[in-house]
Amino acid sequence: MAKRTLIADLLQQPEAGGDYTVAGWVRSTRASGDVAFIVLNDGSNLSGIQLVLERATVTNFENHSKLGTGTALQVSGELVPSPAAGQQLELRVTALTVVGESNPDYPLQKKRHSFEYLRSIAHLRPRSNTFGAVFRLRSRLAQAIHQFFSERNFLYVHTPIITASDCEGAGELFRVTTLPPNGAPRNEGGSIDFSHDFFGQKTGLTVSGQLEGELFAQSFGNIYTFGPTFRAENSNTARHASEFWMIEPEMAFSNLADDADLAEEFVRYLCSFALEQCAEDMTFFDQQIEKGLIERVHSVAQANFARMEYGDAITHLQKAPVSFNFPVEWGLDLQTEHERYLTEQVVGGPVFVLNYPKDIKAFYMRQNDDGRTVAAMDLLVPKVGEIIGGSQREERLDQLEQRINEMDIPKEPLWWYLDSRRWGSTPHAGFGLGFERLIMYLSGMENIRDVIPFPRTPRHAEF
RNA sequence: UCCCCAGUAGCUCAGUCGGUAGAGCGGGUGACUGUUAAUCACCAUGUCCGUGGUUCGAGUCCGCGCUGGGGAGCCA
């Protein structure tokens with residue numbers, strides 16, 4: 001097909017003039033006497049471009065002035081200044097080809113639809129304004145994440161998706177098996193004998209790449225993972241999906257303070273990136289999705305993140321002149337309502353809460369000298385609460401084994417993880433960030449199902 | 001998994017006291033010399049989520065089920 005110019009690039013032209021070919025899908029058609037206007041969008045930007053069809057210069061004007069929403073078109077014409085308000089430039093069409101027809105059954109009309117309805121047509125919703133903006137932002141952010149770590153010489157490691165370890169206990173595993181649903185080989189006790197399974201053992205989809213990431217940090221220093229993660233939890237909320245993407249950096253020769261420094265730099269970098277590189281889409285979110293979004297993201301990009309000990313956070317909450325639904329007491333985990341109070345009311349901006357009681361945190365977190373806390377951190381931000389969770393890892397073999405025993409975790413499957421503490425063990429730290437939650441935070445979108453192209457949630461794996 | 005709410009035209013919704021369905025948008029036809037998810041006129045559109053019940057009569061009341069949404073837990 002003829003070489004086409006992306007509409008986003010076309011509108012970057014410093015001045016009108018010149019002939020161009022563009023191709024995309026019709027968003028709306030407005031006909032008026034001898035002139036018709038078509039808004040054409042090719043996904044490269046939010047606004048698309050206005051095509052002008054004049055009866056005198058376009059063949060088959062009668063039909064072309066009635067093209068329905070969703071029609072795929074390729075058009076050629078001259079880039080001219082627009083005499084009307086609403087756009088600087090427009091394309092005066094000289095040739096038009098209908099590449100793919102549409103019809104009135106097209107489920108996306110030129111009107112506002114509910115997100116629930118659009119979710120039911122996830123194969124078509126990227127052609128809408130909101131989802132076009134969301135998925136452009138998602139793509140740019142993914143690249144920005146790689147850029148951030150690449151600029152700092154972090155090694156990008158692909159940790160396995162199929163795993164035999166459920167060490168973190170981060171959630172229910174999706175089973176991976178080739179055994180027949182009925183008639184799987186059994187042990188004497190009646191349980192399934194996984195030694196006959198494809199991998200010769202019980203396997204599932206990964207719930208985190210962290211443990212493998214730690215191994216690579218012990219070779220390359222600074223590393224990160226960025227890939228899909230799976231949890232078979234029956235969570236029915238706007239913040240959970242069964243399949244989501246996670247970013248997990250890990251740094252050798254580093255402690256909890258270094259970890260928080262990296263997390264702060266990372267979040268501020270991504271906020272600035274979105275504002276600068278996705279300006280048109282961010283303006284759309286600010287106007288249509290969440291009023292004040294740009295100001296909120298801007299303030300985070302500028303802020304120095306506060307740091308607060310868990311114990312101090314508890315004191316703040318106990319002194320709070322509001323009543324919470326959940327109890328506040330040293331030793332209990334913070335609920336969303338507590339997290340939001342801390343970041344929104346106490347601090348008025350992003351805050352790290354540091355050094356949590358060891359009994360509410362994972363086995364691999366480094367035990368502090370006080371004997372009752374571990375070097376864990378959560379980054380809390382206004383509106384959503386926790387956005388990042390991380391820790392300094394326990395690098396001392398004795399303490400790690402002791403904790404594994406205390407928590408009644410099977411040690412044998414972790415032999416390789418423990419080996420990393422046997423030879424050349426180093427203090428190291430890292431964190432995890434859910435990619436979808438980042439997109440929600442930067443776009444103002446409130447449902448995780450609306451920031452991932454084809455969401456997988458309990459009872460849903462369509463498309 | 002628990003609690004709450006909802007399901008009516010293609011979409012967004014209204015529907016009073018239980019009396020047999022109605023707006024906008026979208027669609028069709030036409031008008032209009034530059035529109036901005038145009039405007040104006042006319043036209044068409046229904047398994048009222050399913051199922052059982054109460055009733056002379058159910059979109060409306062009740063039971064059960066299904067689906068969706070919100071909140072919580074778990075967490076990222």
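As the structure is a computational prediction, the values presented were derived from the model and not from experiment. Proteins get letters first, then strands, A, B, ... in listed order; numbering begins at 1 in each.
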Salt bridge (Lys or Arg N to Asp or Glu O under 4.0 Å) contacts touching [range] (sequence neighbours left out):
{"range": "residues 58-69 of chain A", "answer": "A:Arg55-A:Glu62"}
{"range": "residues 447-463 of chain A", "answer": "A:Arg119-A:Asp450, A:Arg125-A:Asp450"}
{"range": "residues 68-86 of chain A", "answer": "none"}

By side chain to side chain donor-acceptor pair (under 3.5 Å), which residues pair with [X], not counting sequence neighbours?
{"X": "A:Arg136", "answer": "A:Asp281"}
{"X": "A:Glu386", "answer": "none"}
{"X": "A:Asp9", "answer": "none"}
{"X": "A:Gln109", "answer": "none"}

Dump every N/O contact between nucleotides 9-15 of chain B and the protein below 3.5 Å, one line per pair.
from: B:G10; atom 1: N2; to: A:Gln109; atom 2: OE1; distance (Å): 2.8
from: B:G10; atom 1: N3; to: A:Gln109; atom 2: NE2; distance (Å): 3.3
from: B:C11; atom 1: O2'; to: A:Lys111; atom 2: NZ; distance (Å): 3.3
from: B:C11; atom 1: O2'; to: A:His113; atom 2: ND1; distance (Å): 3.3
from: B:C11; atom 1: O2; to: A:Lys111; atom 2: NZ; distance (Å): 2.5
from: B:U12; atom 1: OP1; to: A:Ser114; atom 2: OG; distance (Å): 2.9

Numerically ordered, the residues 456-463 of chain A set in heavy-atom contact under 4.0 Å with RNA chain B is A:Arg459, A:His460
What residues in residues 8-21 of chain A put a non-hydrogen atom under 4.0 Å from any atom of RNA chain B? none
Could you go over nucleotides 32-34 of chain B and give all protein N or O partners under 3.5 Å, atom names and distances?
from: B:G34; atom 1: OP1; to: A:Ser32; atom 2: OG; distance (Å): 2.2
from: B:G34; atom 1: N1; to: A:Glu90; atom 2: OE2; distance (Å): 2.8
from: B:G34; atom 1: N2; to: A:Glu90; atom 2: OE1; distance (Å): 2.6
from: B:G34; atom 1: N2; to: A:Glu90; atom 2: OE2; distance (Å): 2.8

Keeping to residues at least two apart or across chains, list the ring pair (Phe, Tyr, Trp, His ring centres under 6.0 Å) pairs with something in residues 10-64 of chain A. none
